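Note that this is a predicted model, so its numbers are computed, not measured.
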Amino acid sequence: MATFIQEPSHTFNEYLLIPGYSSSQCVPANVSLDTPLVRFRKGEKPAITMHIPMVSAIMQSVSGDRLAVALAKEGGVSFIYGSQSIEDEAAMVKRTKDFKAGFVPSDSNLSPEHTMADVVALKNATGHSTVAITSDGTAEGKLVGIVTGRDYRVTRMDPATKIKMFMTPLEKLITAKEGITLKEANDIIWDNKLNSLPVLDEEGRLRYFVFRKDYDMHKSNPNELLDASKRYVVGAGINTRDYAQRVPALLEAGADVLCIDSSEGFSEWQKLTIDWIRSHYGDSVKVGAGNVVDADGFRFLAECGADFVKVGIGGGSICITRETKGIGRGQATALIEVCKARDEYFAETGIYVPVCSDGGIVYDHHITLALAMGADFVMLGRYFARFDESPTNKVNIGGTYYNEYWGEGSNRARNWMRYDLGGDKKLSFEEGVDSYVPYAGSLKDNVELSLSKVRSTMCNCGALTIPELQQKAKITLVSATSITEGGAHDVIQKEKSLSVK
């Protein structure tokens, strides 16, 4: 006979946090949102610690390389979507890693025989104003000069003018030899008021650039998440079908962490995928798994060797899995049970496996609730899809701007590898919808606002860290009536009903 769970499953909106004692030290500026991304043993530090508890969903309409860079600047991690060719996904990962490496290979190169028109075309294609002029026009050629926006004027020069006529030649450039440290390079840049410093090998071939803007960028983004080579940390989605080909390509491109993208993670398919990764790379490759909604699912993936476990089935804003298949669980209830299982597993084994809450986040305060219920971080799709950095189109509908947003289970995504159960390699039916979300501007501004609310609420609970919040939080179920009471009521709101001239 089937197992019946009589207790209804609950969503985040059915809970509230009860304030606790706050000391004078409990101010938002003192709150740390550092949180582990991958498993670690008791007494050790995780291989990757994020500075904010936010990762972006493995979705075509969310996680491209632009968003990956923007989120890493704020201290989180984006998981580049895997429902594309291996080559295209690896290229997105590589672009993220190359965006800010301290020592940056040149991607804008021409020869002295090219023209000003070629410079303009290259700038329009790459967005970069510094062009390396090498003997053969390649990134590895001998450097003979540099062209920046100060060297030419489109309105005053013939587009056919040869670069050799207006470039800044090598003899007038300050350069450095390969082997210089990043600190030494930055000192040269600042002492000589440079915007860029070419780094050459012994034969004069261009190896790298060091840019002043990268130093300035770091100072304006103190929480940025960097690897040991000062490159942005980035994740990538994989599936349980072509992992033997996809994983090596993503690792070669520089992916720091992988995540199996599947609608349901309590399966042998995920075990086989993790086993293959462990047999070929040991524990050096970090890979998350999921999704699950109960203790049994968590225990299975933890014992398989998952570096983190995602929780949530059917709670996403574009997901219709519960409607079409009748499976899933209220996100809050699922998260509470899995986090309890996580703590029990840690007590038994001394191995801490972080939990990611994936789905069900409607309001900013739901992030705080998810953390208080035990999540180490949350995965967000709709939230990030609204921003400038998402890979989707911005459209104007009735005078209001929206971003396109579609689910991986929709016909538009056609991500059969996420939903197929060993069948005929196609979507049998949709488990996601194609939609729009209100355009919200830049990622940075919105993330800062959302996390300011999280920090403030943590202070109300007397907590300065996420583990302290999980220890001190008092959470109460609320009734439908109290949910109504919690919003504006019994008043006429000016912005909705009155026009002030």
Side-chain angles (χ1 to χ4, degrees), residues 37-39 46-48 50 54-101 225-229 231-263 265 269-270 272-274 276-278 280-291 301 305-310 354 356 358 377-381 384-385 389-391 408 413 415-418:
L37 177 61
V38 295
R39 71 161 55 201
I48 305 176
M50 296 189 295
M54 302 171 82
V55 301
S56 68
I58 312 169
M59 300 175 66
Q60 295 174 10
S61 56
V62 178
S63 295
D65 50 289
R66 284 187 65 215
L67 191 128
V69 168
L71 185 52
K73 286 180 182 179
E74 301 307 310
V77 172
S78 186
F79 284 88
I80 302 295
Y81 66 90
S83 51
Q84 58 180 322
S85 73
I86 295 173
E87 294 75 17
D88 287 347
E89 184 180 11
M92 281 191 174
V93 170
K94 190 175 187 306
R95 285 198 295 272
T96 305
K97 300 303 289 187
D98 288 347
F99 185 88
K100 178 187 180 300
L225 194 60
L226 306 174
D227 65 14
S229 300
R231 302 175 301 175
Y232 287 125
V233 172
V234 62
I238 61 174
N239 59 71
T240 58
R241 295 293 183 271
D242 64 6
Y243 51 83
Q245 295 78 41
R246 191 174 293 267
V247 169
L250 294 175
L251 295 177
E252 184 178 355
D256 299 278
V257 57
L258 307 174
C259 184
I260 302 172
D261 183 28
S262 175
S263 61
W269 298 109
Q270 299 230 349
L272 293 172
T273 304
I274 296 172
W276 186 90
I277 291 173
R278 296 293 175 240
H280 285 77
Y281 301 99
D283 293 330
S284 64
V285 172
K286 307 304 178 184
V287 55
N291 287 16
L301 291 177
D307 284 293
F308 63 86
V309 173
K310 287 203 298 166
C356 168
D358 178 18
F377 53 97
V378 297
M379 178 172 277
L380 302 163
F384 288 118
E389 296 83 359
S390 80
E408 289 297 296
N415 185 4
W416 67 267
M417 290 177 288
R418 188 180 201 274

Euclidean distance, [Y] [atom2] relative to [X] [atom1], rounded to 0.5 Å:
{"X": "Q60", "Y": "S390", "atom1": "CD", "atom2": "OG", "result": "12.5 Å"}
{"X": "M59", "Y": "D261", "atom1": "CE", "atom2": "CG", "result": "9.0 Å"}
{"X": "I277", "Y": "D283", "atom1": "CD1", "atom2": "CG", "result": "11.5 Å"}
{"X": "I260", "Y": "K310", "atom1": "CD1", "atom2": "NZ", "result": "10.0 Å"}
{"X": "W269", "Y": "R241", "atom1": "CH2", "atom2": "CZ", "result": "4.5 Å"}
{"X": "R231", "Y": "T96", "atom1": "CZ", "atom2": "OG1", "result": "11.0 Å"}

Next on the checklist: Any carboxylate oxygen within less than 4.0 angstrom of a Lys/Arg side-chain nitrogen, looking at D88 and R95?
Outcome noted: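 The answer is no: the pair does not qualify as a salt bridge.
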Checklist entry - Any ion pair linking K97 and D227 (charged N to carboxylate O, less than 4.0 Å)? => result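 Yes, charged N to carboxylate O under 4.0 Å.
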Check [X] against [Y] and note the closest heavy-atom contact, atom names and distance.
{"X": "V55", "Y": "C356", "answer": "CG2-SG, 4.4 Å"}
{"X": "A68", "Y": "I80", "answer": "CB-CD1, 3.9 Å"}
{"X": "V93", "Y": "A255", "answer": "CG1-N, 3.5 Å"}
{"X": "A289", "Y": "I274", "answer": "CB-CD1, 4.1 Å"}
{"X": "R246", "Y": "Q84", "answer": "NH2-O, 3.0 Å"}
{"X": "G76", "Y": "L225", "answer": "O-CD2, 3.8 Å"}

Minimum side-chain heavy-atom gap [X]-[Y] below 4.5 Å:
{"X": "I58", "Y": "M379", "answer": "yes"}
{"X": "P248", "Y": "Y281", "answer": "yes"}
{"X": "Y243", "Y": "L258", "answer": "no"}
{"X": "V77", "Y": "F377", "answer": "no"}

Examine distances only and state if a side-chain atom of [X] and a backbone atom of [Y] form a donor-acceptor pair shorter than 3.5 Å.
{"X": "R66", "Y": "P391", "value": "no"}
{"X": "S63", "Y": "A57", "value": "yes"}
{"X": "E89", "Y": "G237", "value": "yes"}
{"X": "N291", "Y": "S263", "value": "no"}

Checklist entry - Who pairs with A70 by side-chain contact (heavy atoms from CB on, under 4.5 Å), at least two apart in sequence or on another chain? => result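 A70 satisfies side-chain contact (heavy atoms from CB on, under 4.5 Å) with E389, L443 once adjacent residues are dropped.
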Item to check | Exercise: do T240 and T273 side chains pair donor with acceptor under 3.5 Å | outcome: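 Judged by distance alone, the side chains do not pair up.
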Item to check | side chain to side chain contact (heavy atoms under 4.5 Å, CB included), paired with L71, selected from F384, Y232, F79 | outcome: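 Of the listed residues F384, Y232, F79, the side chain to side chain contact (heavy atoms under 4.5 Å, CB included) partner of L71 is F384.
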